[in-house]
Amino acid sequence: MSASSQIPVKLVLLGEAAVGKSSLVLRFVSNDFQENKEPTIGAAFLTQRCTIGDKTIKFEIWDTAGQERFANLAHLYYRNAQAALVVYDVTKAASFIKARHWMKELKEQSTKNIVVALIGNKFDLILDEETGEEIEGARKVSVEEGKNLAEEEGAVFFETSAKTAYNVNEVFMYIGEKLIENLAKAQPEDNQPQTQTNRIDLTAAPQQNINDNGCAC
Amino acid sequence: MSKRRVLGKSNLSLDKTTNNILSKSQNVDLKSNQSENEFICPMCNLPISSLLKLNQHVDSVHLNIKDNANSLLLNSDIKDENITHKQHISKSSLSSITSSSSTNTNTNANTNTIIATTGPIKLPKDHFIRPFNGMKCSDHRCNIKIGLKHSAFNCSKCGKVYCSNHCNILLKLNLKLEIINQFSNDGIITKCCIQCLNEYKGWNDVIGNITIINKTKNFQNLRKFKNDENSLQNLILERRFDKIFNWIIMNYEKNLKITEINLKNFEIDLCNWKNDNDYKNCNICNISFGFFIRKHHCRICGDIVCGDLNRRCSMIVPLGIIFDLMKLDKLNDENKYEFDKIEKSLKNDYFGIRICLNCKKKILNKRVFKFDQIKLYENNDFLIIFKIWKLIFNKIENENISKIQNDDENLMLVGLFQRLDQLIKQIDSIINNHNKKLPNDEIKMFNTLKGAIANYIQIKLPILRKAQEEKLEREREVLQNLINDKPKLSSKDIRLKREKLMVLNEQKFVVSNLYEDFKKQRRFDDLKTLDLNLADIEKEIQDLTIELGDEGFH
């Protein structure tokens, strides 16, 4: 029963190299953080279950490599993904430009009702460890810029930190909720025709015009 | 002894003057009135009873005939003249054909006129196989037993025993039993078997020696003469038809009713009837006339034929029909109305003219054909279809369809054949049109045309099919070229694609590793996803390798 009630969700992470995609996933999957993580080769595959309400969602996470040479691989994974995280580094303006590019590509190439989240990672870097206030000049991408982009593309915006686990779970939870919501919308429409075509209604009145014309065989 | 002197002279130039001598000696012989019966051969001094015998003796003994049997026969002649004389007469015909090699034609002619002087040449029979009891015909296909029922025949050449059926080939053999020129003066024509005929190799040589007499001219002359005669006869018969026609019109113009009497008078005027007493059999079917089978005269040719309806040797053809047929020849717009009137009036009468089968064939058949032709012009369908068919036929023939180079010609050819097919369908629809019933002759013509077209299509079908195949091949070649042209990638593209391919291969490696790991970890739920991904990657790799083609990694 547990296996069948799980909702498999294909989730893909996109973004420039060294923005912390793998770290983000690592934090979510195993609540861990590694300094100086090695760059991903190709795409890594990880899974994580989480329960939202009465439903269990199984995230099948494809953590793609951000390096330019692996850019060709990305389309293999976002092609039929239900959810996508576009990650950028809040301390690097170039990564935000790349994120904008990914957002556009997703919109053009991926499935229609894909849930997209724009994530500004490495939030910890712009916070002073002692005071907890923002260090002036550390932030290169403002919150407004991120929000505007997310609004344009119909996505949700988060600023996270894999290192401090800030907002990480919230992102995945939000995506899970959104997916369940989408599913609930789609299900009544999807299930209705299935029952009609695949099942025989024993209570229905017999079709009268079968024997009206044509041969008996 | 004047006779002897004469003979002595003749001895010197025997060959040339035999004729002369014979006539003289004959005269002498007659004058002497058989008082002096003794002659002496000038060569061997042999006493001979008569001049005739002397001549025979000289011809056969002293003209180097090698045939022993012949000379023997002659010797016996001398002794027993009466019997041999008869023999010579009976065999003169043979010996006239087969004179010995050294005698020339001159003496040959004499032997014909004054009984045969040369003895008959007999072919040796030493090699003949004697038939024994229960022997079979030597021909391997024949199973006939030689015996009382089927007498034995020896092939003169090979001597084998045959039945009468298998020894019936006449060949000319010489004394050495060799087949010789069938037109030469030597040799004897005898019966041989077919095996000997087949074994003879030199037929061509023999034929080479024959002087061919060309009789084509004679034959042509004869044929022309016969044709002329025939056409003259036909013309006469046709004239008579014209006369009937004119007579009908004349009667109509004079407002005379056609009665039995005036028709009879007219018929007698039309041609000379043959005498009844001269004929006892029908001229066509040869049946003998009697009480039930009466004599009748054909009114057109005058022959005496039977009137038996079953035999159809002669028939009474109503004047209306004759008029109808003749009308078409004379048809022009001016008096058409009048003709119709006459025809109508004729249809009320049942008078007719008896016409025999021969005359009907000679004249009426031809008319019927004309009749058809004229009718066809009224119905244009046949002519139109025929013309179209001819046009297409000429076009196809002119195109030299066995050497089609490009698609346009091919397309045109296919179009032409389709048109032919349509023609056949058109003919079918015309024939099967129930609203307008066609006359039988026309249906026949349509059917013939249809058959011709269908046959033509059948004949040309292999060529058409070949053309189609060539066209397909050409298309395939073009396609192949397109494929070959397509991956003309720039070096940059190649580099990028190669890079992509490398990455994909890496990814494939990564994923398959993951797959193995998951298997070990017993995470079977996720294997499915990985599997799908792996398939995706593999497909991508395949596409890329095809795209790269030869430029890919080896």
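Each chain gets a letter, A, B and so on, in the order its sequence line appears, and its residues count up from 1.
Residue A/Ile61 holds its CD1 atom at 12.0 Å from OG1 of B/Thr529, rounded to the nearest 0.5 Å.
A heavy-atom distance below 4.5 Å is not found between the side chains of A/Phe45 and B/Val511. Taking the side chain as every heavy atom from C-beta outward, B/Asp525 and A/Arg49 approach each other to under 4.5 Å.
Comparing B/Leu496, B/Asn533, B/Ile537 by heavy-atom pairs within less than 4.5 Å of chain A, the highest count is held by B/Asn533.
For CD of B/Gln521, the number of neighbouring non-hydrogen atoms (other residues, nucleotides, ligands) closer than 6.0 Å is greater than 12. In this structure, B/Glu538 places its CD atom where more than 12 heavy-atom neighbours from other residues, nucleotides or ligands lie under 6.0 Å away. Residue-environment remark: NZ (A/Lys37) exceeds the threshold of 12 foreign heavy atoms within 6.0 Å. The environment of CZ in B/Phe386 is sparse: at most 12 heavy-atom neighbours from other residues, nucleotides or ligands sit within 6.0 Å. Taking a 6.0 Å sphere around CZ of B/Arg312, one finds it holds 12 or fewer heavy atoms contributed by other residues, nucleotides or ligands. Environment of CG in B/Leu534: crowded, with over 12 heavy atoms of neighbouring residues, nucleotides or ligands closer than 6.0 Å.
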Intermediate values then yes/no, side-chain contact (heavy atoms from CB on, under 4.5 Å), B/Met502 and A/Arg69: CA-CA 10 Å; B/Met502 207 172 69; A/Arg69 60 186 284 255; 3.9 Å; yes
Test log, rule side-chain contact (heavy atoms from CB on, under 4.5 Å), inputs A/Thr47 and B/Asp526: CA-CA 8 Å; A/Thr47 56; B/Asp526 303 327; 3.4 Å; yes
side-chain contact (heavy atoms from CB on, under 4.5 Å) assessment of A/Leu76 paired with B/Glu540: CA-CA 9 Å; A/Leu76 271 175; B/Glu540 200 89 348; 4.2 Å; yes
side-chain contact (heavy atoms from CB on, under 4.5 Å) assessment of A/Asn72 paired with B/Leu504: CA-CA 8 Å; A/Asn72 284 322; B/Leu504 278 165; over 6 Å; no
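Under 3.5 Å, the side chains of B/Asp536 and A/Tyr77 contain no donor-acceptor pair of N or O atoms.
Within the 4.5 angstrom heavy-atom criterion, only side-chain atoms of A/Lys58, from C-beta onward, approach chain B.
Residues in residues 11-24 of chain A take part in these side chain to side chain donor-acceptor pair (under 3.5 Å) pairs, two or more places apart or across chains: A/Ser22-A/Thr40, A/Ser22-A/Asp63.
Judged as a ring-ring contact (aromatic ring centres under 6.0 Å, His included), and not counting sequence neighbours, B/Phe509 has no contacts.
For the pair B/Gln507 (side chain) and A/Ala43 (backbone), a donor-acceptor distance under 3.5 Å is present.
We find that A/Glu60 and B/Lys528 are not joined by a salt bridge, their nearest charged nitrogen and carboxylate oxygen being 4.0 Å or further apart.
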